[in-house]
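Below is one structure; the comments refer to it alone.
These values consider heavy atoms only, across backbone and side chains, with no hydrogens, waters or symmetry-generated copies. Numbers here simply count residues along the sequence, with the first being 1.
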Amino acid sequence: MEGIIRQTNGTVIVLPATPGGLVNAQQLTKIAQLVTEGAGLAKFTTGQRVAIFTTEDKIESVRAGLAEVGLTVGPAGNTVRSVKACTGDFCQWALQDTLTHGIELDGRFSGLPLPFAFKIGVSGCGRNCMEVQSQDLGLAATLNGYNIYIGGKGGGKPVHGQLLAQDVPYEEVSGYIDHIIQVYKANAGPKERLNKVLARMGLEPFSLTNLI
């Protein structure tokens with residue numbers, strides 16, 4: 001499902017896909033133009049996207065404008081959302097190149113249809129800027145790879161993600177994420193988030209020892 005959200009006041013929000021929250025100068029200039037031509041406002045979201053406020057009649061022109069600078073409308077709804085990542089090697093504290101890794105993971109997993117929204121965050125050090133324990137799946141960088149947390153969520157009744165594995169080399173992370181998603185997809189009911197499946201089934205089915 002695309003990130004086009006219709007508000008009750010007639011405003012439409014278009015959410016470009018910006019993996020890791022990264023845009024170049026040309027893209028930022030185009031976003032500013034589209035905002036000016038729309039409702040005149042934008043909002044930086046917690047998912048590292050720029051929400052463009054516009055109107056129903058301008059949706060296709062916004063889509064076309066984004067395409068001109070290599071951007072698409074990002075995923076929303078019951079999918080893997082755009083992967084959030086910290087600044088990685090641009091930060092003196094980073095233990096892994098989390099920005100590059102987050103963008104790579106976004107390219108593989110973002111937009112996959114699932115029973116409910118599925119959020120992934122990647123933090124580069126113990127400062128945990130991406131709050132990985134509050135994501136459905138969180139990666140916390142270590143000197144040797146990543147600690148993997150699953151089952152977190154924010155909202156009115158937040159849930160703290162559980163530690164599933166430690167020091168997983170980045171080269172193995174994609175396979176583990178795929179395994180976790182497949183177990184979730186096979187066992188979740190309609191609109192059932194990962195934390196509820198985890199509460200019902202426990203960690204064992206998601207364990208990396210069960211990876212085929």
Mind listing the side-chain donor-acceptor pairs of residues 84-94 below 3.5 Å, one per line with the distance, residues two or more places apart or on another chain?
unit_1 : atom_1 : unit_2 : atom_2 : d
K84    : NZ     : T46    : O      : 3.2

For this session: Give, for atom CZ of R49 and atom CD1 of I31, the distance between the pair rounded to the nearest 0.5 Å.
Result: 11.5 Å
For this session: Give the minimum heavy-atom separation between P75 and S110, together with the two atoms involved.
Result: CG-OG, 3.2 Å
Exercise. Is the distance between the ring centroids of F109 and F118 under 6.0 Å?
Worked result: no
Exercise. In terms of hydrophobic clustering (I, L, V, M, F, W, Y; side-chain heavy atoms under 4.5 Å; direct or indirect links), are Y184 and Y176 co-clustered?
Worked result: yes
Exercise. Just wondering, do R108 and D178 contact through their side chains at under 4.5 Å, heavy atoms?
Worked result: yes
For this session: Would you check if the side chain of Q135 reaches a backbone N or O of M130 as a donor-acceptor pair within less than 3.5 Å?
Result: yes
Problem set entry | For E192, salt bridge (charged side-chain N to carboxylate O under 4.0 Å, His left out) partners two or more places apart | R200
For this session: Decide whether L143 and L99 are clustered together by the hydrophobic rule: side chain heavy atoms of Ile, Leu, Val, Met, Phe, Trp, Tyr closer than 4.5 Å, transitively.
Result: no
Exercise. Do H101 and V173 come within less than 4.5 Å of each other through their side chains, counting heavy atoms only?
Worked result: no
Problem set entry | salt bridge (charged side-chain N to carboxylate O under 4.0 Å, His left out) partners of residues 73-83, not counting sequence neighbours, each pair once | none
Seminar exercise, completed: In this structure, OG1 of T29 is separated from CG of L34 (nearest 0.5 Å) by 11.0 Å
Exercise. Do P113 and N78 have side-chain heavy atoms sitting under 4.5 Å apart?
Worked result: no
For this session: Could you tell me which non-hydrogen atom of K191 sits nearest to which non-hydrogen atom of F116, and how far apart they are?
Result: CA-CD1, 3.5 Å
Problem set entry | Backbone of N24 reached by a side-chain donor or acceptor of Q27 within 3.5 Å | yes
Exercise. Are V12 and V62 side-chain neighbours, meaning at least one heavy-atom pair lies under 4.5 Å?
Worked result: no
Exercise. With no hydrogens and no angle check, is any side-chain donor or acceptor of D106 less than 3.5 Å from a backbone partner on V83?
Worked result: yes
Seminar exercise, completed: In short, salt bridge (charged side-chain N to carboxylate O under 4.0 Å, His left out) pairs touching residues 132-160 with sequence neighbours left out are D136-R193
Exercise. Which heavy-atom pair separates V35 from A42 by the least distance, and what is that distance?
Worked result: CG2-CB, 3.8 Å
For this session: Could you walk me through whether V132 and V122 pass side-chain contact (heavy atoms from CB on, under 4.5 Å), step by step?
Result: CA-CA 6 Å; V132 297; V122 188; 5.8 Å; no
Exercise. Taking C-beta and beyond as the side chain, do R63 and V73 meet within less than 4.5 Å on heavy atoms?
Worked result: yes
Exercise. Are I5 and I52 co-members of a hydrophobic cluster defined by side-chain heavy atoms under 4.5 Å apart?
Worked result: no
Problem set entry | Check: Y170 and L139 side chains under 4.5 Å, non-hydrogen atoms | no
Exercise. How far apart are the closest heavy atoms of A76 and G3, and which atoms are they?
Worked result: CB-CA, 3.6 Å
Seminar exercise, completed: Rounded to the nearest 0.5 Å, the CD1 atom of I103 sits from the OG1 atom of T98 at a distance of 10.0 Å
Exercise. From L15 CG over to K43 NZ, what is the distance, rounded to the nearest 0.5 angstrom?
Worked result: 11.0 Å
Exercise. Can you tell me if D167 and T142 form a side-chain donor-acceptor pair at under 3.5 Å?
Worked result: yes
Exercise. So if you build clusters from Ile, Leu, Val, Met, Phe, Trp, Tyr with side-chain heavy-atom gaps below 4.5 Å, do I150 and V197 land together?
Worked result: yes
Exercise. Rounded to the nearest 0.5 Å, what separation is found between the CG atom of L194 and the CG atom of L114?
Worked result: 9.5 Å
Exercise. Of the non-hydrogen atoms in Q96 and N144, which two are nearest, and what is the gap between them?
Worked result: NE2-C, 4.0 Å
For this session: Indicate yes or no: at least one non-hydrogen side-chain atom of V23 is less than 4.5 angstrom from one of V50.
Result: no
Problem set entry | Nearest-0.5 Å distance that lies between atom OG in S82 and atom CG in L105 | 12.5 Å
Seminar exercise, completed: When I177, L163, I180 are each screened for side chain to side chain contact (heavy atoms under 4.5 Å, CB included) with I148, the one that passes is I180
For this session: Consider only side-chain heavy atoms of I, L, V, M, F, W and Y, link residues closer than 4.5 Å, and tell whether L41 and F44 are in one cluster.
Result: no
Seminar exercise, completed: Closest non-hydrogen contact found for S123 with N128 is OG-OD1, 3.0 Å
For this session: Quick one: list whatever passes salt bridge (charged side-chain N to carboxylate O under 4.0 Å, His left out) with K30, sequence neighbours left out.
Result: E68
For this session: Could you note down all residue pairs passing salt bridge (charged side-chain N to carboxylate O under 4.0 Å, His left out) where residues 5-17 supplies at least one of them, sequence neighbours left out?
Result: R6-E56
